[in-house]
Amino acid sequence: MNFTEAVSSVFSKYAVFSGRAGRPEFWLFALFNVIASLVVAFIDNLLFGHEILGAIYGLGVLLPSLAVAVRRLHDIDRSGWWILVGLVPLIGWIILLIWYIRPGTPGPNQYGPPV
């Protein structure tokens with residue numbers, strides 16, 4: 001999966017919380033978010049001096065970001081509700097990072113076939 005396919009896949013499944021998302025789809029979308037956020041922040045600073053476009057962008061990608069994170073958890077055979085462990089400062093973030101890095105379960109699991 002290349003960069004364009006990963007980003008378009010996430011946006012085409014804008015609010016789909018079922019199924020699975022492989023590591024390339026998740027991490028390439030994360031890379032896209034970092035790059036887009038930097039560009040939007042630069043434009044905001046240039047035009048407005050404060051974050052207007054950044055807030056709009058953040059709201060626009062909130063749902064697809066949550067959806068791909070839940071599908072990534074499904075890929076390692078975990079419930080999407082585990083995303084709430086990220087609310088625990090530091091420890092929760094580390095746990096999620098480890099899970100996001102892990103390879104998905106081979107073959108079908110309770111959330112569907114691998115992607």
Side-chain angles (χ1 to χ4, degrees):
M1 175 172 282
N2 65 33
F3 186 79
T4 308
E5 289 173 351
V7 173
S8 64
S9 171
V10 171
F11 280 120
S12 69
K13 300 173 187 172
Y14 194 86
V16 176
F17 289 85
S18 60
R20 295 167 66 170
R23 283 188 294 183
E25 181 179 4
F26 177 82
W27 287 111
L28 289 174
F29 184 70
L31 177 63
F32 167 79
N33 264 337
V34 168
I35 294 169
S37 294
L38 290 173
V39 169
V40 168
F42 177 76
I43 293 170
D44 265 344
N45 241 347
L46 202 61
L47 297 178
F48 306 112
H50 54 282
E51 201 168 319
I52 294 173
L53 297 176
I56 294 169
Y57 174 77
L59 287 173
V61 296
L62 177 65
L63 205 53
S65 297
L66 288 173
V68 75
V70 166
R71 291 194 313 270
R72 180 72 195 113
L73 289 171
H74 288 173
D75 194 41
I76 62 165
D77 210 15
R78 297 220 178 257
S79 167
W81 288 104
W82 277 106
I83 198 168
L84 296 176
V85 79
L87 295 174
V88 178
L90 194 58
I91 300 298
W93 305 335
I94 292 170
I95 291 169
L96 281 178
L97 179 63
I98 290 168
W99 286 345
Y100 292 152
I101 292 171
R102 286 183 50 194
T105 55
N109 65 18
Q110 63 181 331
Y111 300 104
V115 288

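Along the sequence shown, the residues carry numbers beginning at 1. Fair warning: this is a prediction, and the values are worked out from it, not measured in the lab.
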What is the distance from atom [atom1] of [X] to atom [atom2] of [Y], rounded to the nearest 0.5 Å?
X	Y	atom1	atom2	value
Ile83	Phe17	CD1	CZ	8.0 Å
Ile43	Leu38	CD1	CG	11.0 Å
Leu96	Ile91	CG	CD1	12.0 Å
Asn45	Phe42	CG	CZ	8.5 Å
Asn109	Ile76	CG	CD1	10.0 Å
Phe29	Ser8	CZ	OG	11.0 Å

Within the structure provided, determine whether Ser65 and Asn33 are in side-chain contact (heavy-atom separation under 4.5 Å).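 Yes, side chains in contact.
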Hydrophobic cluster membership, [X] vs [Y], 4.5 Å side-chain cutoff:
X	Y	answer
Tyr14	Val115	no
Met1	Ile35	no
Leu31	Leu97	yes
Val39	Leu47	yes
Leu62	Val68	yes

Determine yes or no for a side-chain-to-main-chain donor-acceptor pair under 3.5 angstrom, with [X] supplying the side chain and [Y] the backbone.
X	Y	result
Arg20	Tyr111	no
Trp93	Leu87	no
Arg23	Ile101	yes

Looking only at side chains, do Asp75 and Thr105 share a donor and an acceptor under 3.5 Å apart?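 Result is no, nothing qualifies.
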Hey, are Tyr57 and Asp44 close enough side-chain-wise for a donor-acceptor pair under 3.5 Å?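 The criterion, which ignores hydrogens and geometry beyond distance, is not satisfied for Tyr57 and Asp44.
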Measure from NZ or CZ of Arg78 to the centre of the six-membered ring of Trp99 and say whether it is under 6.0 Å with the direction within 45° of the ring axis.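 Yes, a cation-pi geometry.
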Residue pair [X] / [Y]: nearest heavy atoms and the distance that separates them:
X	Y	answer
Val16	Ala67	O-CB, 3.4 Å
Pro108	Pro114	N-CD, 3.8 Å
Pro24	Ala6	O-CB, 4.1 Å
Ser9	Ser12	O-OG, 2.9 Å
Leu63	Ala15	CD2-CB, 3.7 Å

Do Glu25 and Arg71 meet the salt-bridge criterion of a basic N to acidic O distance under 4.0 Å?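 Glu25 and Arg71: salt-bridged.
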When you look at Trp82 and Val70, which way does the side chain to side chain contact (heavy atoms under 4.5 Å, CB included) test go after all the steps? CA-CA 8 Å; Trp82 277 106; Val70 166; over 6 Å; no
